[in-house]
Enquirer: 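Could you have a look at this structure, given as structure tokens, before my questions?
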2 protein chains.
Amino acid sequence: MSYAVKAMPRPRSLTDDQIAAAALALTDRAGLAALSMRTVAAELGMGTMSLYRYVTDREQLERLVVEFVLRDVDFAPPRDAPWTDQVSAVTNGIRDAVSAHPAVVPLFLTHRSTSAGVMRCGDVLLRVLAEAGFHGPDRVFAFRTLLAYLIGALTTEHLGPLSGPGTAALARLPGDDFPFLAETARVARSIGPDEEFRRGLTIVLAGLGASP
Amino acid sequence: MSYAVKAMPRPRSLTDDQIAAAALALTDRAGLAALSMRTVAAELGMGTMSLYRYVTDREQLERLVVEFVLRDVDFAPPRDAPWTDQVSAVTNGIRDAVSAHPAVVPLFLTHRSTSAGVMRCGDVLLRVLAEAGFHGPDRVFAFRTLLAYLIGALTTEHLGPLSGPGTAALARLPGDDFPFLAETARVARSIGPDEEFRRGLTIVLAGLGASP
DNA sequence: CTCGTAGGCGTACGATGTACTCCTAAATCG
DNA sequence: CGATTTAGGAGTACATCGTACGCCTACGAG
């Protein structure tokens with residue numbers, strides 16, 4: 001051990017961001033089902049098993065993608081605006097970043113609790129709520145309600161937006177089986193996803209404002 | 001063709017319900033990851049490919065499970081109660097049925113738009129909203145917001161209830177990185193999933209009541 | 001009893017995640 | 001400058017998945 005104690009050969013040729021970008025590009029282009037170790041490795045121009053030098057798991061690969069998408073979120077809620085506007089800013093920022101890549105929405109659900117980016121989102125949101133006067137259990141309920149709405153809205157938007165084919169199929173139903181569903185679907189077809197999300201968020205915020 | 005026009009040999013030995021019950025039992029016992037064509041067939045005591053006589057797809061298998069779980073929902077909202085109570089009754093009924101089988105929650109997201117049971121839930125909810133005076137786009141927004149909350153709450157509850165290990169891990173964080181998250185997690189540890197769901201629903205209902 | 005339908009299932013194929021093992025590129029130190 | 005050492009790159013292989021295909025046979029109607 002007299003020499004060569006610190007040999008650091010073959011520097012890593014890939015950064016996490018390069019891997020995440022390749023995986024995200026692939027997913028955007030061919031859908032989440034096309035995301036696999038083999039396809040990502042191919043996208044990076046390397047052998048399948050080489051990818052395992054940079055990533056221990058398929059799960060960690062997915063985490064990289066989640067982190068990568070969330071990095072574009074702007075976390076600077078206007079500090080002197082009403083707290084509802086601040087919550088709106090943060091929530092809309094997250095939603096805009098995520099729904100720019102619809103195919104990866106399911107990954108956010110799976111890795112919700114193990115991603116630093118997701119936790120940063122949560123922390124910012126909780127800070128706004130704390131400054132708005134939410135404390136103790138009330139803050140927990142407010143936070144989880146917002147989170148549930150955000151996750152649910154992203155999910156429904158991803159696998160069946162109002163203006164998409166699912167709603168169209170419902171509207172085409174003969175009115176007998178599910179009359180209200182059919183009628184409402186006809187109204188819903190003309191509503192875009194942005195308006196839907198913002199109106200829903202307004203409803204939740206109104207509910208939050210009613211209690212404290 | 002003079003005879004044997006109606007030969008119906010070998011009657012089906014399995015009902016949809018039997019298949020769904022077997023798949024559900026398996027999933028409850030061993031988790032959603034253990035649900036596969038082979039395991040369900042084995043649970044039913046038959047060969048793998050025999051299952052395909054009753055089910056065209058893995059997807060249809062999952063739909064059977066969804067339908068089966070939803071059949072236990074009681075759709076009889078108290079007709080002379082305030083509409084908020086009626087919405088609560090329906091929503092809580094769905095949530096109770098689904099969260100009795102936590103492992104299948106992801107299936108509800110995947111098959112949300114292709115299951116008769118799910119559509120029945122939607123129709124009942126829309127009827128209550130219509131009778132409460134919601135019309136046109138307002139009804140759409142109210143419906144989708146409730147749906148988003150329900151789906152989001154089920155999801156978050158499934159893969160990380162407040163009283164679970166995820167929250168505990170957050171509470172153990174050194175306060176430096178995500179101070180609000182850590183502090184809030186400490187408060188949240190003592191909140192049960194039932195209370196969380198009901199309080200969140202109350203918030204959403206308050207928001208719905210504020211607008212019309 | 002006969003016959004045709006449809007249930008039961010064994011085999012096989014492509015895709016997936018990943019463990020194991022090898023070869024070799026390259027940075028550091030003598 | 002060359003030797004040494006460590007880590008990157010990759011081929012092979014295996015278990016598991018969904019499922020297409022085709023064979024055999026149980027069974028009920030005639």
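Values below: all heavy atoms of this structure, side chains included; hydrogens, waters and symmetry mates excluded. First the proteins, then the strands, lettered A, B, ... as listed; each starts at 1.
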Enquirer: Under 4.0 Å, heavy atom to any atom of DNA chain C: which of residues 103-111 of chain A qualify?
Expert: none
Enquirer: Contact class for A:Met46 vs. all strands (heavy atom < 4.0 Å): base, sugar-phosphate, or nothing?
Expert: sugar-phosphate
Enquirer: Report the distance from atom CG of A:Leu61 to atom P of C:dT16, rounded to the nearest whole Å.
Expert: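 The answer, rounded to whole Å, is 13 Å.
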Enquirer: If the condition is side-chain hydrogen bond (donor to acceptor under 3.5 Å, both in side chains), which residues does B:Glu157 pass it with, not counting sequence neighbours?
Expert: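 Scan of B:Glu157 (side-chain hydrogen bond (donor to acceptor under 3.5 Å, both in side chains), adjacent residues dropped) gives B:Arg95.
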Enquirer: Strictly below 4.0 Å, heavy-atom distances to any atom of DNA chain D: list the hits from residues 16-34 of chain A, or just say none.
Expert: none
Enquirer: What contact category does A:Ser13 fall into here, base, sugar-phosphate, or nothing, at under 4.0 angstrom with non-hydrogen atoms?
Expert: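 The answer is sugar-phosphate, as A:Ser13 gets under 4.0 Å only of primed atoms, P, OP1 or OP2.
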Enquirer: Starting at CG of B:Leu14 and ending at P of C:dG7, how long is that distance when rounded to a whole Å?
Expert: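 Going from CG in B:Leu14 over to P in C:dG7 covers 11 Å.
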Enquirer: Round to the nearest Å and state the distance from B:Met49 atom CE to D:dC17 atom C1'.
Expert: 12 Å
Enquirer: B:Arg12: which residues meet the salt bridge (Lys or Arg N to Asp or Glu O under 4.0 Å) condition with it, sequence neighbours left out?
Expert: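 So B:Arg12 forms no salt bridge (Lys or Arg N to Asp or Glu O under 4.0 Å) with any residue.
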Enquirer: Identify the residue among A:Ile151, A:Leu32, A:Val98 that makes a side chain to side chain contact (heavy atoms under 4.5 Å, CB included) with A:Val105.
Expert: A:Val98
Enquirer: Identify which nucleotide among C:dA25, C:dT18, C:dG8 has an atom closest to any side-chain atom of A:Arg10, counting heavy atoms from C-beta outward.
Expert: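 Closest of the options to the side chain of A:Arg10: C:dA25.
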Enquirer: Scan residues 116-128 of chain A for pairs that pass side-chain hydrogen bond (donor to acceptor under 3.5 Å, both in side chains), counting only residues two or more places apart or in two chains.
Expert: none
Enquirer: Checking B:Thr39 side chain against B:Ala34 main chain: does a donor-acceptor pair fall under 3.5 Å?
Expert: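 Checked: pair present.
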Enquirer: Using the salt bridge (Lys or Arg N to Asp or Glu O under 4.0 Å) rule, collect all pairs that involve residues 34-57 of chain B, keeping only residues at least two apart or in two chains.
Expert: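 Every salt bridge (Lys or Arg N to Asp or Glu O under 4.0 Å) pair that includes a residue of residues 34-57 of chain B, provided the two are not neighbours, is B:Arg29-B:Glu43.
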Enquirer: Considering every strand and a 4.0 Å limit on heavy-atom distances, what is the contact class for A:Arg38: base, sugar-phosphate, or nothing?
Expert: base
Enquirer: Can you check whether A:Arg12 has a side-chain N or O nearer than 4.0 Å to OP1 or OP2 of D:dG8?
Expert: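 The answer is yes; a side-chain N or O of A:Arg12 sits under 4.0 Å from OP1 or OP2.
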Enquirer: Give every residue pair that meets the ring pair (Phe, Tyr, Trp, His ring centres under 6.0 Å) criterion with at least one member in residues 147-185 of chain A, sequence neighbours excluded.
Expert: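 Every ring pair (Phe, Tyr, Trp, His ring centres under 6.0 Å) pair that includes a residue of residues 147-185 of chain A, provided the two are not neighbours, is A:Tyr149-A:Phe197.
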Enquirer: Hey, which sits more toward the 5' end of DNA chain D by its nearest nucleotide, A:Gly45 or B:Leu35?
Expert: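 The residue closer to the strand's 5' end, by nearest nucleotide, is A:Gly45.
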Enquirer: D:dT19 C1' sits how many Å from B:Gln60 CD, rounded?
Expert: 14 Å
Enquirer: Is there any salt bridge (Lys or Arg N to Asp or Glu O under 4.0 Å) pair reaching into residues 178-187 of chain B, and which pairs are they, with sequence neighbours excluded?
Expert: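 Non-adjacent pairs meeting salt bridge (Lys or Arg N to Asp or Glu O under 4.0 Å): A:Arg139-B:Glu183.
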Enquirer: Looking at residues at least two apart in the chain, or sitting in another chain, which of them share a side-chain hydrogen bond (donor to acceptor under 3.5 Å, both in side chains) with B:His101?
Expert: B:Asp28
Enquirer: Counting only non-hydrogen atoms, which of residues 50-58 of chain B are less than 4.0 Å from DNA chain C?
Expert: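 B:Ser50, B:Arg53, B:Tyr54, in order of number.
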Enquirer: Kindly write out the residues that satisfy side-chain hydrogen bond (donor to acceptor under 3.5 Å, both in side chains) with A:Arg63, not counting sequence neighbours, or none if the list is empty.
Expert: A:Thr114
Enquirer: Holding to side-chain hydrogen bond (donor to acceptor under 3.5 Å, both in side chains), I want the full list of residues that pass it with B:Ser13, two or more places apart in sequence or in another chain.
Expert: B:Tyr54
